[in-house]
Amino acid sequence: MLAQPATKYRAFQGLPLTDRQWPSNTLTAAPLWMSSDLRDGNQSLFEPMNGERKMRMFRTLCEVGFKQIEVAFPSASQTEFDFVRGLIEGGHIPDDVTIEVLTQSREHLIRRTMESLKGARCAIVHFYNATAPVFREVVFGMQKAEIVEMALQSVRLIKQLAAEQPETAFTLEYSPEVFSSTEPEFALEICNAVTAEWGATPTNKVILNLPATVEGSTPNVYADQIEWMHRNLARRDSIILSLHPHNDRGTAVAAAELGLLAGADRVEGCLFGNGERTGNVDIVTLALNLYTQGVAPGLDFSDINAVARTVEYCNQLPIHPRHPYVGDLVFTAFSGSHQDAIKKGLAAQKPDAVWNVPYMPIDPADLGRSYDSVIRVNSQSGKGGVAYLMEVDYGVVMPRRLQVEFSGEVQAYTDAHGGEMTAQAIWKLFGATYLHAADASLHYVGHRLFEAPAQGKQPVQGIELQLEVAGQTLRLKGQGNGPIDAAVHALQGAGVQVQVRSFEERSTKASQHAGDAQACAFLELAAQGNERFGVGLDSNIVTASLQALISGVNRLGLQLGVKRAEAEEAAA
């Protein structure tokens, strides 16, 4: 009965931190990043990565710009151990990258872990033991003093084994597991004991990693815990304060951001948030959140699709289509009002101006994403989306009233057929509606312009218009102040009473689908109380204009009022 109060659960009580500073702070620099994709992420997979996948992931992490990468839990299996040895012996670790390995606070596991690192230039040895009450009391049956001594014994052993491998520069990292559920005073006690035992100095810093191993409270509570530790830790100048949020409540990204505001220096997580249960914190989202605030993240996601495809291949897990920044649909708008706003925003955006496009917090081009998928059309879409796709994919910039008219055609089509319309399908419908309608009664064949006797000082344009009606070619003549006006008079002489309300001619933009640029003419016609657009497309603007005129006449459903013989006689 979820509708009733959940009396079986206890609300987590936060710290009474009344003078907290983090709400007033601003992030102005990126943290140190540590990728746990090859360890925490890997151990959470249905089928852990094989050697080829792990190596591909490692190289991608290096290319993205990670300088610290947790590569394995080498004491867990021979496969994990061999991967670490392969990285070191194969010379695969860039000079500016430090590998990290994880071990529990158990002697034989620590020895095996240190053995895996022989010959490494530098390495982070990350050890942990659980400190939260439920683990002390239920899992281990140990007192606080015993938990502290377990950690200190591990520090001594790692220090001893590190001295036996002088060719490697070792950094110690310690995690009080389930820190976020540990009493703050005890977490402080054990962390201070570890840094003292190691002999932490400003030139030999210890990484203290404070994990929300199980996310049990709102992000502000985690931030309070981090700030309290930041303010009370001994030897703070000799510590790199690190965060490792999990996502059990779905707020890991927020917890990490607030934890950084609270004084943390470093974040551990996975690309796109893979990890135990609901996942580790999503480093891509964190980094790009910083980027959208004008902070250089220090990680290169300028080809986000390539990174995503690698992660999907290595993890054999799909990335959700609505995943922030990288999902296949995050730069896609189906809603008509969204499409209209985005189209206008993109048109107004100047290349050197601050990014300011509605509904788009980041420029897709910065991530190597194209604008092709920004706007998609289905039954929820409006004129903005249709107009955008016509312009981007086919170079046709429609007048606004034509956008309204044609979007009605698209709406009718999607209502009848359902699903999404691609740009190609929209172009096909546009052609069938305006350029070569199957039910058209009149078809443009050709024309001949000639000079007619001037009327006063006003020059007069003459035209002979050739049309096909029911398989027969008709010739109509007319005169006017230009080719379109002359053609309108020619049609009026044949019984087609039509008025031109507006005329626009534009050069289409060359595009990958439409090819070279052409002249495009748009005529808005009126007859018998109705208004319709006609469209013509040709390399010659006069031809395109005459095609648009005939297109509009057909759209209005007008018929010639003369027979062939009469038309031929009138044209003679």
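Counting only heavy atoms from C-beta outward, the side chains of Val214 and Arg277 approach each other to under 4.5 Å. Side-chain contact between Ile207 and Arg266 is present, with at least one heavy-atom pair separated by less than 4.5 Å. Inter-residue side-chain proximity for Arg106 and Arg112 is flagged as unmet; no heavy-atom pair is nearer than 4.5 Å. Contact check for Asn289 versus Tyr325: side-chain heavy atoms found under the 4.5 Å cut-off. Between Leu288 and Pro324, the closest side-chain pair of non-hydrogen atoms is not below 4.5 Å. For the pair Leu243 and Tyr222, the minimum side-chain heavy-atom distance is below 4.5 Å. Looking at Val326 and Val307, their side chains never come closer than 4.5 Å, going by heavy atoms from C-beta outward. Inter-residue side-chain proximity for Val134 and Val139 is flagged as unmet; no heavy-atom pair is nearer than 4.5 Å.
The residue from Met57, Glu80, Arg53 that alone fulfils the side-chain contact (heavy atoms from CB on, under 4.5 Å) condition with Leu38 is Met57.
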> Hey, mind stepping through Leu27 and Gln293 against side chain to side chain contact (heavy atoms under 4.5 Å, CB included) and telling me if it holds?
Replying inline: CA-CA 9 Å; Leu27 295 178; Gln293 302 304 302; over 6 Å; no

> Would Asn356 and Gln349 count as a side chain to side chain contact (heavy atoms under 4.5 Å, CB included) if you check the C-alpha gap in whole Å, the side-chain angles of each, and the deciding distance to 0.1 Å?
Replying inline: CA-CA 7 Å; Asn356 189 31; Gln349 181 68 36; 4.1 Å; yes

> Does the pair Leu233 and Leu188 meet the rule for a side chain to side chain contact (heavy atoms under 4.5 Å, CB included), with working shown?
Replying inline: CA-CA 7 Å; Leu233 279 166; Leu188 182 68; 3.7 Å; yes

>> Please evaluate residues Asn280 and His246 with respect to the criterion side chain to side chain contact (heavy atoms under 4.5 Å, CB included), reporting the C-alpha separation (whole Å), side-chain torsions for both, the decisive distance (0.1 Å), and the verdict.
In response: CA-CA 4 Å; Asn280 287 31; His246 277 250; 3.2 Å; yes

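Nearest heavy atom pair, residue Gly119 against residue Glu167, reads N-OE2, 3.4 Å. The nearest pair of heavy atoms linking Trp198 to Ile158 is CZ3-CG2, 4.0 Å. Shortest non-hydrogen contact noted between Val84 and Pro74 is CG2-CB, 4.3 Å. For the residue pair Pro297 and Ala30, the shortest heavy atom distance occurs at O-CB, 3.4 Å. The two residues Pro211 and Glu177 make their nearest non-hydrogen contact at CG-CA, 4.2 Å. Here the shortest heavy-atom pairing between Phe73 and Gln43 reads CD1-OE1, 4.4 Å.
In the model, Gln21 has no side-chain atom that pairs as donor or acceptor with a side-chain atom of Arg231 under 3.5 Å. Gln225 and Ser180 are not linked by any side-chain donor-acceptor pair at a separation below 3.5 angstrom, with hydrogens and angles left out of the test. Between the side chains of Gln160 and Arg156, no donor-acceptor pair of N or O atoms lies under 3.5 Å. For the residue pair Asn247/Thr278, the side-chain donor-acceptor check at 3.5 Å is not satisfied. Side chains of Trp22 and Asn220: a donor-acceptor N/O pair is absent below 3.5 angstrom, by distance only. Looking at Thr201 and Thr203, their side chains do bring a donor and an acceptor atom within 3.5 Å of each other.
Taken to the nearest 0.5 Å, the CD1 atom of Ile190 stands 4.5 Å off from the CG atom of Asn129. Considering CG of Leu258 and CZ of Arg20, their distance stands at 11.5 Å, rounded to 0.5 Å. Of the inter-residue distances, the one linking Leu210 atom CG with Ser242 atom OG reads 7.5 Å to the nearest 0.5 angstrom. Asn274 CG to Leu45 CG: the interatomic distance, rounded to the nearest 0.5 Å, is 5.0 Å. Interatomic distance, His108 NE2 to Leu157 CG, rounded to the nearest 0.5 Å: 12.0 Å. The line from OG1 of Thr195 to CZ of Arg235 is 3.5 Å long, rounded to the nearest 0.5 Å.
Between Tyr174 and Phe127, the angle of the ring planes lies from 30° to 60°, which puts this pair in the tilted group. Ring geometry for Phe140 versus Phe135: interplanar angle of 30 to 60°, hence tilted.
Within the 3.5 Å criterion, the main-chain N or O of Gly275 finds no donor-acceptor partner in the side chain of Asp40. A donor-acceptor pair under 3.5 Å links the side-chain atoms of Asp37 to the main chain of Leu271, judged by distance alone. A donor-acceptor contact shorter than 3.5 Å is absent between the side chain of Arg56 and the backbone of Cys314. Remark: side-chain polar atoms of Trp355 are paired, donor with acceptor, to backbone N or O of Met360 under 3.5 angstrom. Under the 3.5 Å distance criterion, the side-chain polar atoms of Asn192 are matched with a main-chain donor or acceptor of Ala234. Judged by distance alone, with hydrogens and angles left aside, the side-chain atoms of Glu100 form no donor-acceptor pair with the main-chain N or O of Ile124 at under 3.5 Å. The closest donor-acceptor contact from the side chain of Glu215 to the backbone of Ala212 lies at 3.5 Å or more, if one exists at all. Judged by distance alone, with hydrogens and angles left aside, the side-chain atoms of Glu70 form no donor-acceptor pair with the main-chain N or O of Met34 at under 3.5 Å. At distances below 3.5 Å, not a single donor-acceptor pair connects side-chain atoms of Lys344 with backbone N or O atoms of Pro358. Put simply, the side chain of Lys54 gets close to the backbone of Val71: a donor and an acceptor are under 3.5 Å apart.
Other residues, nucleotides and ligands place more than 12 heavy atoms under 6.0 Å from the CZ atom of Phe81.
Using a 4.0 Å cut-off between charged nitrogen and carboxylate oxygen, Arg39 and Glu268 do not count as a salt-bridge pair. A salt bridge links Arg136 with Glu183: the closest approach of a Lys/Arg side-chain nitrogen to an acidic carboxylate oxygen falls below 4.0 angstrom. A salt bridge links Arg236 with Asp265: the closest approach of a Lys/Arg side-chain nitrogen to an acidic carboxylate oxygen falls below 4.0 angstrom. Of the charged side-chain nitrogens involved, none lies within less than 4.0 Å of a carboxylate oxygen, so that Glu63 and Arg59 do not count as a salt-bridged pair. Contact check on Lys118 versus Glu164 returns no salt bridge, with no Lys/Arg side-chain nitrogen under 4.0 Å from an Asp/Glu carboxylate oxygen.
Taking the six-membered ring where the residue is Trp, the centroids of His323 and Phe272 are separated by under 6.0 Å.
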